[in-house]
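Heads up: the structure comes next, in structure tokens.
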Amino acid sequence: MEKWKNGIAKLTVPTPFAVGDVHCYLIKGDRLTLVDAGVKTDEAWEALQVQLAELKLTPEDIEQVILTHHHPDHVGLLHYLPKTIEVYAHPLNERWLKRTESFSAEHDDFYLRLYQQFGVPREYLAPTINEMKKNLRYSSECSLAGYLLENDVPSGLEGWRVLETHGHAQGHIALWREEDGILIGGDVLLAHISPNPILEPPYPGETERPKPQLQYNQTLKKLQEYPISLVYAGHGQDFTGTGPLIDNRLSRQHDRAMKVKSMVEEEPKTAFEICQSLFPTVYQKELNLTISETAAQLDYLMSLEEIAVVEEGPSLLYVAK
Ligand SMILES: [Zn+2]
């Protein structure tokens, strides 16, 4: 493991998910800050403590945690960390971290109705929604000591700025250091994979769901405006060269959307039917992830007015324009 470099130390812990290990980062600032907090397993907790010890630190030395987003592999170790450590994140993570009964009901209702609109067959509905909840056993509940928004300088981290990077998660942020262009990116940019544009319920008080792929593309275009020298990512390798990587991601997503457009041109289809064609071998096993990837292409094509939607009973049919 690398020790301190650029005032940052990378701590890598295992996860039970297909994505593999997740990285958390310690930043030496006026406050010792941990960015992201692994997954709630004994193995991850053990790994974190061993790596802290190599740096001659203990969990009690951590003064604050900043979360890039609320997904279990980025928050779970909060369960084991001292409860006195202050946790900061974008406010849209809060509903996932507090998990009130009313949000839980809203959550299930949202996905049930959305998946019906997408034409997901009845027998898949309950198991697919339950699958989402199962992952929560690797997550942790917590309350936030404060919120982080665009351009905020987190307390004790002079020189660092918060960039809102919505898309993969609604409350996703990254930390960028102006002086040397280092980005601690969470899942916003990964060297080896494109993060899933995960569907989330409408914001509190709103009725329309957000369109994560459109937000993610905006995020990528925004990141193109920043001089980024090096990305410390949530998964996989550190990397440079974000410019060409972002161009590549945007053009590959466009190509995938155009493939979806041609499917719809053959005949009108539901999102579920498109999902089956796009992911014939995995859609049953990974319906949540493949349906969000499918919805991403449909949202994108709708935004370009390349396709339209018509209601057919409880489901929506996508048609060529
Ligand atoms: Zn994530």
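The shown structure was predicted, so the numbers you read here are calculated from the model rather than taken from an experiment. For this chain, numbers begin at 1 and follow the sequence in order. Numbering of ligands and ligand atoms starts at 1, following listing order.
Ring to ring, H69 and H74 are close: their centroids are under 6.0 angstrom apart.
Its N, O or S atom nearest to the Zn ion (ligand 1) is what matters here, and for H168 that atom is NE2. Looking only at N/O/S atoms, D187 comes nearest to the Zn ion (ligand 1) through OD2.
For the side chain to side chain contact (heavy atoms under 4.5 Å, CB included) test with W176, the passing option among I182, T165, L163 is L163; the others fail. With E164 as the partner, the side chain to side chain contact (heavy atoms under 4.5 Å, CB included) test is satisfied by one option alone out of T219, L149, L92: L149.
Nearest heavy-atom pair, T290 versus Y283, reported as atom, atom and distance to 0.1 Å: OG1-CA, 3.7 Å.
At the Zn ion (ligand 1), the vertex angle linking ND1 of H71 with NE2 of H69 is 90° (nearest 10 degrees).
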